[in-house]
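Here's the structure, in structure tokens; my notes come after.
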Amino acid sequence: MKALRHILTVAAAALPLSLGISACHSIDEWDNNFYGNFDALWTILDEHYCFFDSKDIDWNEVGARYRAGINPQWDDAAFFAHCAAMLDELKDGHTNLVSWFDISYYRKWWSDYPQNFDLRLIQEHYLDFDYHSGNGIIYKLLTERNVGYMRYASFASMPSHDFIDQMMLSMKDSDGLIIDVRDNGGGDISNVERLVSHFIDETTLAGYICHKTGPGHNDFSEPYAIEFEPVEKHVRWFKPVIVLTNRSTFSAANNFVSVMKYLPQVAIIGDTTGGGSGMPFSSELPSGWAVRFSASPVYDCKMKLTEHGVAPTPGGEIDLDPEAALNGIDTILEFAIEVLNRLAEEQKPDKQKSPTLLLAKQQKNIGTEI
């Protein structure tokens with residue numbers, strides 16, 4: 001991995017809000033009118049949202065400003081839009097207001113950046129519309145380039161260990177594996193552990209999580225360590241791995257990148273991920289509208305908050321060139337392929353240091369090298 005990192009290096013953060021309420025009141029005590037629903041919404045976030053300090057947000061000032069702007073003559077849609085605008089001040093893709101007629105969603109965490117991904121481009125010019133698929137994954141050995149490629153579209157899909165085994169075995173003689181999680185908006189975080197378990201050979205610190213312990217903005221528990229275990233009796237991959245990212249790599253996918261980044265055989269290429277490291281929590285307003293928001297901050301193994309995204313490996317920052325894309329070239333994917341090919345070429349004289357694919361024998365919980 002030192003060689004891989006070397007190649008990448010050279011290649012290229014008031015006014016008090018007077019709501020006239022007590023923080024200990026339950027939601028049921030709010031009046032079901034615009035002011036009651038607003039006060040309930042503001043207080044739920046005030047007591048449970050987890051990123052006020054890290055985002056330098058003065059929630060009292062925000063609340064006072066938006067409460068003063070309420071017009072009792074509005075209809076529900078106008079009031080909804082006003083509350084949604086207040087939630088947008090959090091700049092959080094995990095924070096949504098949900099009514100029967102609309103769902104608010106903060107999009108600027110990705111919309112203000114280049115997309116850096118075109119699935120059709122890859123399917124047509126790299127996979128030739130001929131690839132294996134299942135469990136939210138498409139994959140193929142790019143024979144002419146001698147590199148394995150897999151795209152994981154959503155962590156909402158759960159690939160079986162046997163499926164991952166089959167995929168890895170089909171690529172075992174390649175120079176390395178590319179995992180494309182661009183435009184992966186997240187899903188089930190347990191699927192992160194499932195996939196990562198095929199790339200580790202010992203108990204691995206994946207990060208930390210804290211939980212709110214009180215209504216204060218800094219009332220958090222001590223960090224709890226999150227550890228992943230290597231998969232047993234299945235394929236584990238220790239050849240070089242490159243993970244491709246863009247700003248639409250979010251939530252569970254963001255967590256996946258934050259874990260993979262610190263594995264010795266892995267490098268990250270593309271753009272900084274979209275973040276979304278807060279574990280979401282939901283509550284309800286008197287109107288019946290729901291609010292979802294980040295309640296528990298998640299950190300990487302170095303106790304770095306990843307809410308604002310995970311940066312590529314130094315030297316791995318690259319955008320998709322629109323002009324090259326018109327000619328069938330994904331410049332991010334091309335860069336990853338070139339890095340893996342160059343790394344394999346540099347390692348040829350020293351077979352002792354070549355990364356290996358470990359197969360766990362079915363009858364024993366140990367690995368064998370091939």
Side-chain angles (χ1 to χ4, degrees), residues 1-6 8-9 50-51 53-55 92-94 152 155 164 176-182 184 186-213 218 220-232 236-247 249-280 294-317 355 358 367:
M1 187 54 201
K2 289 182 179 180
L4 178 55
R5 291 192 186 281
H6 175 68
L8 291 175
T9 300
C50 65
F51 294 130
D53 282 5
S54 64
K55 295 184 177 182
D92 191 321
H94 272 153
Y152 196 3
F155 278 91
I164 297 172
L177 174 63
I178 294 171
I179 303 177
D180 196 341
V181 291
R182 290 176 292 177
N184 185 318
D188 189 340
I189 200 166
S190 65
N191 291 333
V192 173
E193 181 174 8
R194 175 178 289 263
L195 183 55
V196 172
S197 69
H198 286 264
F199 297 94
I200 56 178
D201 61 355
E202 61 184 3
T203 300
T204 299
L205 179 62
Y208 298 88
I209 188 171
C210 296
H211 300 287
K212 286 302 294 288
T213 58
N218 292 304
F220 291 105
S221 68
E222 291 296 317
Y224 291 94
I226 303 169
E227 294 183 334
F228 289 174
E229 298 293 335
V231 67
E232 297 182 346
R236 288 178 287 155
W237 181 282
F238 296 105
K239 281 189 171 185
V241 177
I242 290 179
V243 180
L244 306 186
T245 59
N246 67 352
R247 284 294 298 180
T249 303
F250 184 71
S251 192
N254 179 77
N255 179 252
F256 171 74
V257 176
S258 76
V259 178
M260 293 291 285
K261 184 174 182 177
Y262 292 102
L263 300 187
Q265 76 273 34
V266 178
I268 313 299
I269 283 180
D271 197 1
T272 297
T273 62
S277 72
M279 296 296 289
S294 299
S296 298
V298 177
Y299 303 82
D300 67 16
C301 64
K302 306 294 185 182
M303 270 301 294
K304 180 180 179 180
L305 186 67
T306 60
E307 168 65 9
H308 304 288
V310 180
T313 300
E317 304 89 350
L358 297 185

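In this text the structure is predicted, and so the values were computed from the model without any measurement.
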A side-chain contact here means heavy atoms from C-beta on lying under 4.5 Å apart; do [X] and [Y] qualify?
X: P223; Y: I209; answer: no
X: K239; Y: L177; answer: no
X: P312; Y: I269; answer: no
X: L263; Y: T204; answer: yes
X: T272; Y: R247; answer: yes
X: F155; Y: N255; answer: no
X: I268; Y: V310; answer: no
X: F51; Y: P297; answer: yes

What's the shortest heavy-atom distance between [X] and [Y], and which atoms?
X: H308; Y: S54; result: NE2-O, 3.9 Å
X: E229; Y: S197; result: O-CB, 3.3 Å
X: F228; Y: V192; result: CE1-CG1, 4.1 Å

Can any side-chain N or O of [X] pair as donor or acceptor with the backbone N or O of [Y] at less than 3.5 Å?
X: E193; Y: A206; answer: no
X: N254; Y: T273; answer: no
X: N246; Y: R182; answer: no
X: T249; Y: V181; answer: yes

Exercise. Between K302 and D300, does at least one N-O distance fall below 4.0 Å, as a salt bridge requires?
Worked result: no
Problem set entry | D92 with K55: basic N within carboxylate O range, under 4.0 Å | yes
Could you tell me the separation between the [atom1] atom of [X] and the [atom2] atom of [Y], rounded to the nearest 0.5 Å?
X: L305; Y: C50; atom1: CG; atom2: SG; answer: 8.0 Å
X: T306; Y: Y299; atom1: OG1; atom2: OH; answer: 9.5 Å
X: I200; Y: Q265; atom1: CD1; atom2: CD; answer: 9.5 Å
X: T245; Y: E317; atom1: OG1; atom2: CD; answer: 9.5 Å

For this session: Determine, for F220 and K212, whether the Lys NZ or Arg CZ falls below 6.0 Å from the six-membered ring centre while staying within 45 degrees of the axis.
Result: yes
For this session: Decide yes or no on side chain to side chain contact (heavy atoms under 4.5 Å, CB included) for F256 and V243, but give the supporting numbers first.
Result: CA-CA 10 Å; F256 171 74; V243 180; 4.2 Å; yes
